[in-house]
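Working notes, structure below.
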Amino acid sequence: MSAPTTWARRRRARIDDTAQGRSLGADALRRLRRNPVAITGAVIIAVFVLISVFAPLLAPHGPAEAFPQLLDRLRPGEIPGAQDGFPLGSDQNGRDEFSRMILASRQTLLVGVLATVFGLVFGVLIGVVAGAVGGWADTVLMRVTDVLLSIPSLLLAISVAALAARPSQTTVIIAVALVNVPIFARLLRGSMLAQRESDHVLAATALGVKRPAIVVRHMLPNAIGPVIVQATLTLATAILDAAALSFLGLGDADPARAEWGLMLATAQPYLDVRPALALYPALAIIVVALGFTLFGEALREALDPKGRR
Amino acid sequence: MTPAGARSGDGPLLDVRDLSVRFTRRGEPDTVAVDGISFDIEPGEVVGLVGESGCGKSVTSLAIMGLLPGRGPKVGGEVRFGGDDLLALSDSALRERRGRDLGMVFQDPLSSLNPVVPVGVQITEALTRHRGMDKKAARTEAITLLERVGIPDPARRVTSYPHQMSGGMRQRALIAIALACRPRLLIADEPTTALDVTIQAQILELLRELVAETGTALMMITHDLGVVAGLCDRVNVLYAGRIVERAERHRLFATPRHPYTHGLIGSIPRLDSDPELELPAIPGSVNDNLPWDTACAFAPRCPREIGRCTEVTPGVETAASRLLRCHNPVPATSA
């Protein structure tokens with residue numbers, strides 16, 4: 001007997017996995033770990049989350065702190081660049097750009113995560129009711145969803161944010177969440193409908209399992225996959241949307257607060273003087289959004305049943 | 001146990017009387033899937049429901065279980081089980097019966113199992129619901145059940161997911177789930193159709209053993225007369241939503257009286273038949289029916305058709321525990 005080939009070894013590993021009762025989740029995780037795209041996305045997300053969690057420790061200065069040595073050199077047509085103690089130089093108000101960039105990651109993470117979570121929770125609630133109850137509840141909920149989906153998302157977010165008496169971080173979160181509710185609802189409702197007709201739901205009904213238990217235990221776990229993937233991708237768009245709202249002046253306008261979208265907006269008049277002030281937040285937004293998108297796409301691939309071997 | 005449930009007494013366990021199911025659609029004539037069928041099942045008895053695709057076998061079983069969709073079909077008649085009319089029970093009362101008194105095994109073992117839940121959990125679900133077991137006791141019982149249906153290494157298999165099992169193992173697991181609460185009636189809807197022949201034989205043997213051991217009555221729905229021959233005490237032959245012949249198994253195979261039954265049995269390949277001869281088949285398809293209201297539905301395909309068959313609905317004749325619906329039956333001695 002020759003030494004087992006790679007193929008034979010892999011096959012044996014797979015048989016062992018099967019015998020151990022590896023779940024769908026564990027299987028997906030294993031495939032994620034082997035996917036370079038997933039790793040890239042995960043690393044970007046991890047770095048971003050670590051920076052925002054430890055931002056107060058990492059940032060050498062406060063967000064609103066102006067420095068005389070920067071202010072001295074600040075004049076029309078000149079904004080000081082990198083120098084000792086200020087690796088990214090000054091912003092247009094003599095504050096440390098580096099500290100503001102780091103501190104702003106917190107805002108972005110907060111808005112992105114909260115907007116996605118709220119959108120997810122309400123979207124899932126609506127999707128479950130529409131998909132599991134059906135009938136007129138389904139009709140009413142889906143028509144409202146249709147109306148929301150027919151409005152371009154940024155326009156909808158702007159309208160909602162503009163409704164608030166005083167623009168703030170909260171209105172941005174609500175606006176971005178609301179944009180995503182119909183997307184999640186529609187997605188889940190579709191897969192819940194497919195589950196409702198499935199044989200295993202009929203079989204569970206034939207066992208006398210109660211309706212709520214069927215919905216929660218037999219339909220929802222089978223239907224939630226695409227929604228989870230969508231949520232990962234939504235984190236990226238939520239960050240972009242929130243930045244856009246801030247950029248358009250619909251976020252919290254307090255200039256002392258550090259936020260990438262707002263920094264991008266305030267850097268606009270100084271583009272010819274010091275374009276780096278716009279470049280840093282723009283790059284940060286792009287990289288973070290890319291990280292979530294890469295990871296979301298990889299997750300979609302990993303959970304795709306066609307990819308299972 | 002409810003008093004009604006405890007009264008097993010005399011009389012049949014399941015008594016289906018004049019059951020009809022019609023699907024209504026606006027602007028179109030009703031589709032009659034089941035057209036007033038009546039049969040009964042004694043406690044512990046194995047009764048077959050045989051017919052080709054579209055004759056109403058599955059709809060009958062779903063109607064008995066109350067699993068037809070809420071809107072659309074109109075169900076008539078009575079299904080008496082343990083003193084109650086199942087068709088008249090409320091949803092919640094029926095839900096109590098399902099799983100506990102009535103078990104069901106479906107055709108496709110893969111799609112009938114929840115893909116994201118380990119099979120062990122799917123067994124314990126019924127146990128905790130109907131037999132009030134705690135999780136630990138239910139798990140022990142689940143392992144016992146898996147062992148009983150012949151799944152090797154049940155203690156490990158209890159955590160397996162459906163996609164990690166073979167087709168035969170999945171069907172064994174489904175049977176374990178259906179029998180978990182020791183129902184008094186098990187309905188098996190073509191339980192071997194999705195399996196290959198050797199596994200079919202094993203599953204049928206398992207069903208026969210379990211039924212004999214637990215005293216569960218079995219309603220076997222199949223299009224395969226071979227399944228019936230090996231398993232059933234009595235057989236109902238369905239055609240186009242009505243029972244055309246009913247007899248005790250040996251008598252049905254020895255002397256089929258209805259031309260349809262006769263044709264079905266004649267079209268089974270036999271070891272001693274001449275390989276040069278073409279296998280007899282029933283001409284036409286199930287779509288060539290006449291309406292039962294004015295004729296015999298089978299008449300267009302029937303080799304023994306006489307003039308009356310297309311003009312008068314054949315009545316039901318009952319003689320010596322045999323039911324027959326035919327104007328011109330095959331003589332009792334010919335087969």
Side-chain angles (χ1 to χ4, degrees), chain A residues 13-28 30 132-139 191-228 303-309, chain B residues 61-62 64-71 91-123 125-130 153 156-166 174 177-178 180-181 183 187 189 194:
Chain A
R14 211 147 66 221
I15 291 170
D16 288 346
D17 289 349
T18 307
Q20 279 160 19
R22 203 181 271 271
S23 74
L24 287 139
D27 194 57
R30 198 169 47 125
V133 178
W136 64 266
D138 182 29
T139 311
S191 42
M192 287 294 275
L193 281 186
Q195 287 299 316
R196 197 164 65 168
E197 302 303 319
S198 72
D199 284 353
H200 71 85
V201 167
L202 186 70
T205 314
L207 270 180
V209 181
K210 285 183 182 155
R211 192 74 195 155
I214 287 180
V215 171
V216 172
R217 218 168 330 151
H218 293 272
M219 289 167 70
L220 193 55
N222 280 298
I224 200 80
V227 178
I228 299 294
L303 288 174
D304 185 355
K306 288 193 208 89
R308 294 180 66 84
R309 290 163 315 164
Chain B
S61 69
L62 291 176
I64 292 171
M65 292 291 285
L67 290 175
L68 289 168
R71 288 184 299 177
D91 275 0
S92 60
L94 193 56
R95 207 177 296 124
E96 282 300 317
R97 290 302 187 81
R98 285 186 206 134
R100 198 188 66 193
D101 289 340
L102 295 156
M104 188 151 180
V105 178
F106 291 89
Q107 181 172 345
D108 184 346
L110 179 57
S111 66
S112 302
L113 288 165
N114 186 342
V116 301
V117 176
V119 286
V121 176
Q122 300 190 49
I123 301 177
E125 191 166 39
L127 292 170
T128 48
R129 161 112 174 86
H130 293 298
D153 202 359
R156 243 167 41 140
R157 278 295 170 191
V158 94
T159 60
S160 289
Y161 288 84
H163 71 270
Q164 295 164 334
M165 297 180 138
S166 69
L174 265 187
I177 293 172
C181 294
I187 299 177
D189 188 354

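Keep in mind it's a predicted model, so treat the numbers as computed, not measured. Lettering follows sequence order; numbering is per chain, from 1.
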Taking side chain as everything from C-beta outward and backbone as N, CA, C, O, which of these in A:Ser198 sits under 4.5 Å from a heavy atom of chain B? Side chain, backbone, both or neither.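 Contact with chain B: none, neither part.
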Using every non-hydrogen atom in the two residues, find where B:Ser112 and A:Ala203 come nearest and quote the distance to one decimal.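 Looking at all heavy atoms of both residues, the shortest contact is O-CB, 3.5 Å.
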Run B:Phe106 and A:Asp199 through side-chain contact (heavy atoms from CB on, under 4.5 Å) and show every step you take. CA-CA 8 Å; B:Phe106 291 89; A:Asp199 284 353; over 6 Å; no
Could you tell me which portion of B:Leu62 (side chain, backbone, both or neither) has an atom closer than 4.5 angstrom to a non-hydrogen atom of chain A?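 Contact with chain A: side chain only.
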Would you mind checking which part of B:Leu113 comes under 4.5 Å of any heavy atom in chain A, side chain (CB onward), backbone (N, CA, C, O), both or neither? backbone
Among residues at least two apart in sequence or on other chains, which ones pass salt bridge (charged side-chain N to carboxylate O under 4.0 Å, His left out) with A:Asp138? A:Arg189
Determine whether a donor-acceptor pair (N or O, by modelled atom type, separation under 3.5 Å) exists between the side chain of B:His130 and the backbone of A:Leu207. yes
Does the side chain of A:Pro221 reach to within under 4.5 Å of the side chain of B:Val117, using non-hydrogen atoms?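 A:Pro221 vs B:Val117: side chains apart.
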Salt bridge (charged side-chain N to carboxylate O under 4.0 Å, His left out) contacts touching residues 209-224 of chain A (sequence neighbours left out): A:Arg217-B:Glu125
What residue, out of B:Met65, B:Met104, B:Gln122, B:Arg129, has the most heavy-atom pairs lying under 4.5 Å from chain A?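 Looking at each option in turn, the highest pair count goes to B:Arg129.
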Taking every non-hydrogen pair under 4.5 Å, which of B:Gly99, B:Ser111, B:Ala126 racks up the most with chain A? B:Ser111
Nearest-0.5 Å distance that lies between atom CG in A:Leu202 and atom CG in B:Leu67: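 So the CG of A:Leu202 and the CG of B:Leu67 are separated by 5.0 Å.
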